[in-house]
Each structure stands twice: as C-alpha cells, then as structure tokens.
2 protein chains.
Amino acid sequence: MSNQVESPAEAPDVMRANTVAREMFDRIADRWALLVINALGAGTLRFSRLHEVVEGVSHKMLTQTLRGLERDGIVRRRVHPTSPPRVDYALTGPGAELLRAVTAICGWTRDHITHIETAREEFDARRSAEVR
Amino acid sequence: MSNQVESPAEAPDVMRANTVAREMFDRIADRWALLVINALGAGTLRFSRLHEVVEGVSHKMLTQTLRGLERDGIVRRRVHPTSPPRVDYALTGPGAELLRAVTAICGWTRDHITHIETAREEFDARRSAEVR
DNA sequence: CTGAATCCGCTCCGATACTG
DNA sequence: CAGTATCGGAGCGGATTCAG
C-alpha cells in the first residue's frame with residue numbers, strides 16, 4: 001500500500017520543488033533546449049549546422065545546451081577523428097520519444113498564430129478601455 | 001500534411017528568429033508557463049490554489065505568467081464579484097489542446113528519471129576519467 | 001570546426017510594501 | 001484574496017578570445 005509520506009523527495013512529480021523530476025523539467029522546459037531537440041528531429045546534425053538551423057542561438061548557449069542534453073542522455077555526441085574536427089549530434093532513444101511532445105508544441109504554435117494575435121489585440125483593447 | 005523537406009535551410013516556423021511564431025514559442029517554452037498549464041489540466045483553479053500546486057513559484061512570477069497566458073488566449077481569467085475577491089483560472093479551448101503536449105513532456109520526465117540519473121553518472125564519470 | 005573561459009551588460013526574479 | 005509597483009541582487013546570456 002502506498003502510505004502518505006510527508007517527505008517530498010519521494011514524489012517524482014514535476015509539480016514539486018526540489019525534486020529530481022523538477023530539476024530535469026527545468027532543463028527541458030527551456031527555449032534553446034526545446035528548439036535544439038526540435039531541430040534534431042530532422043536527423044543527425046553537425047554543430048555548425050545546428051547553429052544555423054536554430055536561429056538566434058549564440059555559440060555559447062548552443063554549446064551549453066548541448067552539454068546539458070548530452071549529460072541527461074537526451075542527445076548523443078559523436079566525434080569524428082578528422083581534421084578539422086567534425087562533431088555531430090543526434091537524439092537518443094528516449095530523446096526521440098521526447099521529440100514527439102516537442103514537435104506537438106511547435107506544431108501547436110504554428111497552428112494558433114492567428115488565434116493568439118487576435119487574443120492579444122482583444123486583451124490589449126480591453127485593457128486600454130478599462131484603465132482610462 | 002507534414003512536408004518533410006530534405007534541407008531544413010528554409011524553416012518557416014519556430015526555428016526562425018524574429019517571427020511571431022518564435023515570440024509565442026518563447027512565452028510557452030518557459031518553466032512556469034508550462035507548469036501552470038499542466039496544473040490547470042486538472043481543472044479550474046483559484047489563484048491561491050495555483051500558488052500551492054505549482055511549488056516554488058513566487059507570487060510575482062505566477063501573476064506575470066498568468067497575465068501572459070491570458071493575453072495569448074491560453075488561459076481564461078474569471079472574477080467573482082464577492083468579498084473577499086475570488087478569481088479562478090482555466091484553460092481555453094486552444095489551451096486544452098496545448099495541454100496534451102505539456103502533459104506529454106511532464107509524463108516523459110516522470111518516466112525517464114532513472115534513465116537520466118544513470119546517464120548523468122556515466123557522463124560525469126567519463127569526464128573525470130578523461131581529465132585525469 | 002568545435003569548445004572552453006572570461007568579461008560584463010542586462011534582464012529576470014524574489015522580497016517587500018501598498019491598494020482594492 | 002488578488003494584483004500592482006518598486007528596488008536590488010543574482011544569474012542569464014552575448015561578444016570575444018584562445019586552445020585543440
């Protein structure tokens with residue numbers, strides 16, 4: 001039976017603070033991390049290619065994000081012993097599962113651009129009407 | 001109608017910087033925004049209840065996040081003319097669609113805690129072994 | 001080409017106080 | 001109870017430089 005324990009360390013839920021689940025969630029729930037995962041959904045990509053595909057990401061943040069994702073086993077890094085160095089990145093098995101959810105978010109965003117723009121206009125209009 | 005293009009050089013979506021899609025994505029791809037959406041998946045919640053459910057969020061960030069989500073038509077805010085004030089929040093139709101993707105991410109996180117912890121240990125061990 | 005480290009501006013975020 | 005405003009510190013994140 002599952003006894004109601006008050007120790008929050010035992011609840012593997014993202015809603016609880018100071019848990020491993022939340023810590024992982026914080027890494028994933030990041031714009032650059034999500035965009036990198038989304039980009040790798042198209043297949044293996046080199047560092048320089050990723051830098052192009054994920055527009056707006058700086059050299060530093062891309063490296064940092066990739067390290068984090070690699071450390072958590074979401075992305076696999078492969079170094080080719082050539083000169084100049086050639087490194088490519090790909091999603092791991094679990095990473096590919098996560099990709100589906102990420103793709104869904106990106107798709108939702110694309111499909112609701114109009115809805116959101118409309119909602120914003122209404123919201124802003126209502127605001128300026130109230131403030132007066 | 002997902003058109004698999006061979007060269008992702010031209011990505012007319014969230015991958016492009018300075019677009020409406022990216023702007024929206026940046027708001028959604030935020031830990032507090034995602035956690036709030038996830039929390040509202042259980043149904044309508046009052047402000048104070050949200051504050052409890054989404055552990056770790058500050059009063060200010062919760063308000064700020066809710067305003068953003070409301071403005072983008074993801075969350076609906078309802079004020080009850082009582083005393084003391086009573087305000088509750090719920091997902092809109094589009095918000096409920098987005099919820100599915102968010103739930104998927106939260107679920108993935110729960111299901112892969114062990115995998116990630118293992119990956120981290122291996123990564124860290126490999127690191128300290130290389131550095132020597 | 002890839003990556004690590006440094007500097008530093010700037011934004012985020014928490015704490016606090018005040019309003020309705 | 002819910003929301004807004006302000007302030008100050010902490011950390012994000014960009015530009016740059018150097019190494020392999």
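The sequence lines fix the lettering, A, B, ..., with proteins before strands; numbering per chain opens at 1.
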Q) Quick one: is D/dG3 close enough that its OP1 or OP2 comes under 4.0 Å of any side-chain N or O from B/R77? A) yes

Q.
Heavy atoms from C-beta onward define the side chain here; which of C/dA4, D/dA2, C/dG14 lies closest to that of B/S48?
A. D/dA2

Q) Of B/R46 and B/K60, whose nearest nucleotide on DNA chain D comes first from the 5' end? A) B/R46

(Q) Rounding to an integer number of Å, can you tell me how far B/F47 CZ sits from D/dT4 P? (A) 9 Å

Q: Just call it for B/R49: base, sugar-phosphate, or nothing, with non-hydrogen atoms closer than 4.0 Å on any strand.
A: nothing

Q: Look at the aromatic rings of A/F47 and A/Y89 and report parallel, tilted or perpendicular, splitting at 30° and 60°.
A: tilted

Q) To the nearest angstrom, how far is B/L62 atom CG from C/dG14 atom P? A) 11 Å

Q | A/E55 CD to D/dG14 P, straight-line distance once rounded to whole Å | A | 14 Å

Q: Identify whether the distance between the nearest side-chain nitrogen and carboxylate oxygen of A/R78 and A/D88 falls below 4.0 Å.
A: yes

**Q.** Non-hydrogen side-chain atoms of A/M24 and A/R27 separated by less than 4.5 Å
**A.** no

(Q) What is the distance, to the nearest angstrom, from the CG atom on B/D30 to the C1' atom on D/dG13? (A) 16 Å

Q: Would you mind telling me which residue lines up with the more 5' stretch of DNA chain D, A/P85 or A/R31, judged by nearest nucleotide?
A: A/R31

Q. Does a side-chain N or O from B/R127 land closer than 4.0 Å to OP1 or OP2 of C/dA4, or not?
A. yes

**Q.** Gap between atoms CG and P, on A/D26 and D/dC12 respectively (whole Å)
**A.** 11 Å

Q: Check whether any side-chain N or O of A/Y89 sits under 4.0 Å from OP1 or OP2 of C/dC1, and answer yes or no.
A: no

Q: Whole angstrom is fine here: how far is it from NE2 in B/H51 over to P in D/dG3?
A: 11 Å

Q. According to the interplanar angle, ranging from 0 to 90°, do the rings of B/H112 and B/H115 count as parallel (below 30°), tilted (30 to 60°) or perpendicular (above 60°)?
A. perpendicular

Q) Taking atom C1' of D/dG11 as reference, at what distance in whole Å does atom CH2 of A/W32 sit? A) 17 Å

Q. Can you find a side chain N or O atom of B/R86 that sits less than 4.0 Å from OP1 or OP2 on D/dA2?
A. no

(Q) Salt bridge or not between B/D124 and A/R71? Use side-chain N to carboxylate O under 4.0 Å. (A) yes

Q.
Closest approach to the side chain of B/M61, judged atom by atom: which nucleotide of C/dG14, C/dT2, D/dT4 is it?
A. C/dG14

Q: Would you state whether a donor and an acceptor, one from the side chain of B/H59 and one from the base of D/dG3, lie under 3.5 Å apart?
A: yes

Q) Whole-Å distance between C/dT2 P and A/L66 CG? A) 11 Å

(Q) Using the side-chain heavy atoms of A/T63, tell me which of these nucleotides is nearest: C/dA4, D/dT4, C/dT2. (A) C/dA4

